[in-house]
Structure formats: structure tokens, C-alpha cells
Chemist: 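First, the structure itself, so that you have it in front of you.
Numbered from 1 within each chain, the chains take letters A, B, ... in sequence-line order.
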Number of protein chains: 2
Amino acid sequence: MNSRPAPFDDLDRKIVTALMANARTSFAEIGSAVGLSATAVKRRVDRMRETGVITGFTATVTPEALGWRTEAYVEVYCEGAAPPRRLAEVVRNHPEITAAMTVTGGADALLHVRARDVDHFEAVLERIRTEPFIRKTISVMVLSHLLPESPEAGASQPAPDVR
Amino acid sequence: MNSRPAPFDDLDRKIVTALMANARTSFAEIGSAVGLSATAVKRRVDRMRETGVITGFTATVTPEALGWRTEAYVEVYCEGAAPPRRLAEVVRNHPEITAAMTVTGGADALLHVRARDVDHFEAVLERIRTEPFIRKTISVMVLSHLLPESPEAGASQPAPDVR
DNA sequence: TGTGAAACCAGGAAGAT
DNA sequence: ATCTTCCTGGTTTCACA
């Protein structure tokens, strides 16, 4: 995406740090923390968005609050060679898949899945397994988190039902 | 944290959706999108932060841009019973661990690890394996992402070196 | 990069529904 | 109660130096 090194100095790093800590911090405040004017900070942020260093600003939400109470990792095994392009298509058909990647090891891909509950998860799993060239899946359910679950939280679709 | 169900209506859902799409959207703009005044939107956002529905606002950053070019999942197997409390302590000792959870299946825990490169990852792995009651680890390296890697991006520590 | 100006926004007070 | 309107100080964003 950016073959060019895209100059990225300590000032940029400090600005990014500030925005990761609180994406709603005003440019003026960031500026006085790093020693720039608000305008200069804005210009740097705009540039970092253009070059793809910063991809967006998002609210981090407790998934449980939105009704996503079940979380699992699913290893996917494909028939024959698994073309990543085709896999990517498949993955986009299932909104419950919040992350997906090709990996080393026995499996072809690893999916991160969020569902309302175990019933919903089972339905998602069945739906995934009917996809053409998926041979088998192995699911690992998440029991509890050992870290404050920083971002990585958001099922970008916000809401099923909350009782 | 929230013993009370914390009423959460469609308006709240829309507000959260707007903030997840762009955490820097002004309250006024959100208000005109959902049919409320800016003040009303702010109050609802404040309440959602208090009740823990919204845990923060953060910039999403391409990890590669910050020098994290290697990513892996590490299954952890412990000696005997693995007390989650102790595991959580261990996990916090290694800043490269960006997510950690207890899971079903053969392993006791699953770690998400980011490192600068494979050398760095190897060092992290060795460091983890010297922890007292960790018996063995199985690593799965991430090759490529099949989804735009929404959040879940951030190693909350921003920077090693960018060549 | 910084400065200045105009438009816009945040956040509180007071009042209407 | 919760929403709205109004108001003041701060913020964003532009053109220009």
C-alpha cells in the first residue's frame, strides 16, 4: 500500500499515541503536548490518514453491551489449494466473522467469530461449513479474557437484540 | 460494573454506530442524524461511558506503519491447573502480547502477539516460555489478512523502530 | 509551520414537553 | 425525567504569509 517509507518522525508518533489514547482529543491539546500549533497537528493527522498510517477513529464498545456474548476462533481447512481471494469473498458473506487471516500450520485460515450466544454461534458455524470448498472447521471458544480487551472489541455491526 | 440493565434503546444504538464509524464525529452532527440535539447526544454518550458500554475512543493504526510487521497466535499449555489470575499476571509482563484469553480445547490459553519481525518474535517466545508454569507453546503465524483488519489492529504501545 | 478570521462545536444553565 | 434552546468559550479549518 505504501511502498514509500512515508516519513514518520517522533512528532507523528506522539500524535498517534495521543489519538490512540483518546481519539477525541482536540488538535489544540495535542499540539500543546507535542509543541505544535493545532493547524500543524491537523495537517499531520490528515497526511497520516492519506498515507494509511491512521485508518480511522472508532469508539471501543464492550461487545457484551451490544449483545455479542459468545466469541470463538475457528480454524478452517479447505479442499485442495485455498486461494486467498476466494476465501476473502466467503469471509465477507458472514458478518459475524470479525477477523480472518491465512496462517501457518495445519489450517488454511483462522477466523475470529462473534455471536449472540452459543445457539447463534452454532448457526454461523453451520452456515460457514456449507461454503463450497471448506472441508472442516475446528472451533476454540473463548472463555475469559486475561487482558482488558483493548480494541479488537468491535463487531463493526453494532446490534442484535439486547434483552 | 453495570448491575443495572442500563436501558439501551435504538437511539443509543444509532449513536454508538455513528461513533464506531467515526469517533470524531461531532455531537451536533450525530444529533441531526438521529434526531436529537447535540446536548442530548452528549448526555447519552456520557451515560454509556459511565455504564461501560463505551470504553473509549481510539485511532486505528496500521500496525506495519508503527513497525509491527509480525503477528502470531500462540497456544499456551500449562503445568497442571492453570489459575487464570496467575496467567493474567504473566501476560501483563510481555507488552508484545496484545490479547490473551483462556479457551476451550487442548490449550489453556491463547495469546495474540505482535513483534517487529521474526527475530523479535522468537525472542518474545523464548521469554514467554521461561515463565514458571508454562509447559509448551504452539505458534501459528499470521500470513495475510482476509478482512480490512478493522480495529484489533493496535499494539497499544506505539513504536519500535521504523527503518 | 504559524497566524488570524469565520464557522462550528462543547458544555452548562434555564425552561418547555 | 428527558429533550430543547440559548449562550459563551474553545475548536476546527481555511487562506495567506
Chemist: Which residue, B:R85, B:R92, B:R86, forms the salt bridge (Lys or Arg N to Asp or Glu O under 4.0 Å) with B:E89?
Modeler: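 Exactly one option meets the salt bridge (Lys or Arg N to Asp or Glu O under 4.0 Å) with B:E89, and it is B:R86.
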
Chemist: Consider only side-chain heavy atoms of I, L, V, M, F, W and Y, link residues closer than 4.5 Å, and tell whether B:Y77 and A:V142 are in one cluster.
Modeler: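 Hydrophobic grouping puts B:Y77 apart from A:V142.
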
Chemist: Can A:T102 and B:S144 be counted as having a side-chain donor-acceptor contact under 3.5 angstrom?
Modeler: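 There is such a pair (donor and acceptor under 3.5 Å, judged by atom type) between the side chains of A:T102 and B:S144.
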
Chemist: So does B:D9 pair up with B:R44, basic N to acidic O under 4.0 Å?
Modeler: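 Between B:R44 and B:D9 there is a salt bridge, with a charged N closer than 4.0 Å to a carboxylate O.
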
Chemist: In this structure, how many angstroms lie between the P atom of D:dT12 and the CD atom of A:E29, rounded?
Modeler: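 Between P of D:dT12 and CD of A:E29: 10 Å.
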
Chemist: Only one of B:D12, B:V16, B:I15 forms a side-chain contact (heavy atoms from CB on, under 4.5 Å) with B:V45, so which one is it?
Modeler: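 Only one option passes, and that is B:I15.
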
Chemist: In whole angstrom, what separates B:L11's CG from D:dA1's P?
Modeler: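 My rounded result for the distance is 20 Å.
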
Chemist: Can you tell me the distance, in whole Å, between the CZ atom of B:F27 and the P atom of D:dT4?
Modeler: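 Nearest whole value for this atom pair: 15 Å.
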
Chemist: B:I30 has an atom CD1; how far is it from atom P of C:dG11, in whole Å?
Modeler: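 Spelled out: CD1 on B:I30 to P on C:dG11 is 12 Å.
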
Chemist: A:N22 has an atom CG; how far is it from atom P of C:dA10, in whole Å?
Modeler: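 About 13 Å, once rounded to whole Å.
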
Chemist: Please give, in whole Å, the distance from D:dT2 P to B:I15 CD1?
Modeler: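 In whole Å, D:dT2 P and B:I15 CD1 are 13 Å from each other.
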
Chemist: Please pick, from C:dG11, C:dC9, D:dT12, the nucleotide with the shortest atom-to-atom distance to any side-chain atom of A:A28.
Modeler: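 Shortest atom-to-atom distance from the side chain points to D:dT12.
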
Chemist: Check whether any side-chain nitrogen or oxygen of B:R24 sits under 4.0 Å from OP1 or OP2 of D:dT12, and answer yes or no.
Modeler: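 So the side chain of B:R24 is within the cut-off, an N or O lying under 4.0 Å from OP1 or OP2 of D:dT12.
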
Chemist: Is there a residue in residues 33-49 of chain A whose heavy atoms reach under 4.0 Å of DNA chain D, and which residues are they?
Modeler: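 Residues of residues 33-49 of chain A that come under 4.0 Å of DNA chain D are, in numerical order, A:T39, A:K42.
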
Chemist: So if I apply the side-chain contact (heavy atoms from CB on, under 4.5 Å) rule between B:T62 and each of A:I54, A:T51, A:T55, A:V53, which one comes out positive?
Modeler: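 Exactly one pass, corresponding to A:T55.
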
